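Contents: one structure, followed by commentary.
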2 protein chains.
Amino acid sequence: MKFKEAKNKFVQTWGALGSQWGINKTMAQIHALLMVSHEAVSMEDIMEELQISRGNASMNLRALMDWGIVYKEYKAGERREFFTAEKDLDELAVKISRERSKREIKPALKVLKEVSSITSDNTAEEKHFVDQTTKLYDFVLKADNVLDKMTEYKDNWLAKLVVKIMK
Amino acid sequence: MKFKEAKNKFVQTWGALGSQWGINKTMAQIHALLMVSHEAVSMEDIMEELQISRGNASMNLRALMDWGIVYKEYKAGERREFFTAEKDLDELAVKISRERSKREIKPALKVLKEVSSITSDNTAEEKHFVDQTTKLYDFVLKADNVLDKMTEYKDNWLAKLVVKIMK
DNA sequence: ACAAACTTTCATTTATTATTGAAAGTTCGA
DNA sequence: TCGAACTTTCAATAATAAATGAAAGTTTGT
């Protein structure tokens, strides 16, 4: 396989993977492209390589920056902006975890707490509902805490986790 | 909040969460509904509660059964089929992890291995590509192994992980 | 072997989500 | 302060994904 082909395959695969995890394809592709670029890339070049419009590039770059995993860079004497991705994988995972926790898990926890707190008539049906949603709340809370704790290690957290868990 | 309202809110929330994680809304809603039902539910009742068509219900129940997190149940003297969800959360998490690993992570790993194995000319560009995709391969492989190891505990794995990790 | 009771399939339709591109906005140098 | 070079916004459009529903399929009791 030649470099260009490999790069393209990587970008496509990363994009498809993104879709399956609820991240829009172009966003994941831009991220992939920046991850494997050895130097910062202009919006123009991103548009060209991925064959996407200016608006699309702009919006998804903004989203990636909101996630904190892509950065703007300014080059001396250049008017236009360049972009780079976070390339440290531990850091990348930490940021993605934090964002998903904040955006999705925390709000879900809030709802779980609410719905598990209804004052139930004691029908079997309602008792089961309260019981099950309470368990779910506890479970998700615990999982969220674990994630948080793991990412606190920050540096090399996955490797450290491997050590802890394998023995 | 009344029971019916709480149940509905839970089902809606679970559905929305599903979407954000790449699982279709109805599939997640059916799963939510079954999770909090104290007894097996017929297809007719699912259609009624979620206001969906027969075809939709059938297809998503099939998908949930393929994931191994919803089961068919037969009641004595009843012609129609009833459905229940896996209610043990450890078991549920294990099954979801296994499936996502099999369907998404493993294939991605295959591609990462491929693209990181190109014979690079030694341009900085190509060297960086090989380096970065190799790192990514190692990272994803390690993460997948951790997931696997964790779910091997099966019983109460999250609680055990909490113990390991917090100290 | 038939028909009632039920489930599955899949071509068509509908809903959702992503993308485009042109206009508006911004920044910077002269 | 003007205008060139660039970026952002957002209404319109296109692409994708999900849902419908009627026909085909299956199972079971008689």
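Just so it is clear, the model here is predicted, and its values are computed rather than measured. In what follows, chains are A, B, ... by sequence order, proteins preceding strands, each numbered from 1. Keep in mind that the numbers below use all heavy atoms, side chains included, and drop hydrogens, waters and symmetry copies.
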Quiz item: Does a salt bridge link B:Lys9 with A:Glu114, judged by any charged N lying under 4.0 Å from a carboxylate O?
Solution: yes

Practice problem: Mind calculating the distance between CD (B:Gln51) and P (D:dG21) to the nearest angstrom? | Solution: 11 Å

Are any protein N/O atoms closer than 3.5 Å to N/O atoms in nucleotides 10-18 of chain D? If there are, list each pair with its distance.
none

Exercise. Round to a whole Å and report the spacing from NZ of A:Lys75 to P of D:dC6.
Key: 13 Å

Self-check item: Salt bridge present between B:Glu5 and B:Lys2 (N-O < 4.0 angstrom)
Solution: no

Practice problem: Heavy atoms only: give me the nearest A:His128-B:Val36 pair and the separation to one decimal. | Solution: ND1-O, 3.2 Å

Quiz item: Just checking A:Arg79: base, sugar-phosphate only, or nothing, at a heavy-atom cut-off of under 4.0 Å?
Solution: base

Quiz prompt | Residues in ring-ring contact (aromatic ring centres under 6.0 Å, His included) contact with A:Phe129, at least two apart in sequence or another chain | solution = B:Phe3

Quiz item: Given atom CD1 of A:Ile46 and atom C1' of D:dC6, what is their separation to the nearest angstrom?
Solution: 14 Å

Practice problem: Could you list by number each residue of residues 34-44 of chain A showing a heavy-atom separation from DNA chain D of less than 4.0 Å, or answer none if no residue does? | Solution: A:Met43

Exercise. Examine A:Arg100 relative to A:Trp21 and say whether NZ or CZ is less than 6.0 Å from the centre of the six-membered ring and inside a 45° cone about the ring axis.
Key: no

Please tabulate, for the side chains in residues 134-142 of chain B, all donor-acceptor contacts under 3.5 angstrom to protein atoms that are two or more places apart in sequence or on a different chain.
residue  : atom : partner  : partner atom : Å
B:Thr134 : OG1  : B:Val130 : O            : 2.6
B:Lys135 : NZ   : B:Asp131 : OD2          : 3.3

Practice problem: Would you mind checking if A:Lys127 and A:Asp121 are paired as a salt bridge, meaning a charged N to carboxylate O distance below 4.0 Å? | Solution: no

Quiz item: Whole Å only: how far is the OH atom of A:Tyr74 from the P atom of D:dA5?
Solution: 19 Å

Self-check item: Taking every non-hydrogen atom, the tightest pair across B:Ala40 and B:Phe82
Solution: CB-CB, 3.5 Å

Quiz item: Going through the checks in order, is the side-chain contact (heavy atoms from CB on, under 4.5 Å) test met by B:Leu61 and B:Leu34?
Solution: CA-CA 11 Å; B:Leu61 281 165; B:Leu34 295 179; 4.3 Å; yes

Quiz item: First contact, last contact: which nucleotides of DNA chain C are these for chain B, 5' to 3', heavy-atom distance under 4.0 Å?
Solution: C:dA4 to C:dC10

Self-check item: Lys/Arg N to Asp/Glu carboxylate O, B:Lys75 vs B:Glu81, below 4.0 Å
Solution: no

Quiz item: What pairs with B:Phe10 under ring-ring contact (aromatic ring centres under 6.0 Å, His included), at least two apart in sequence or on another chain?
Solution: B:Trp14

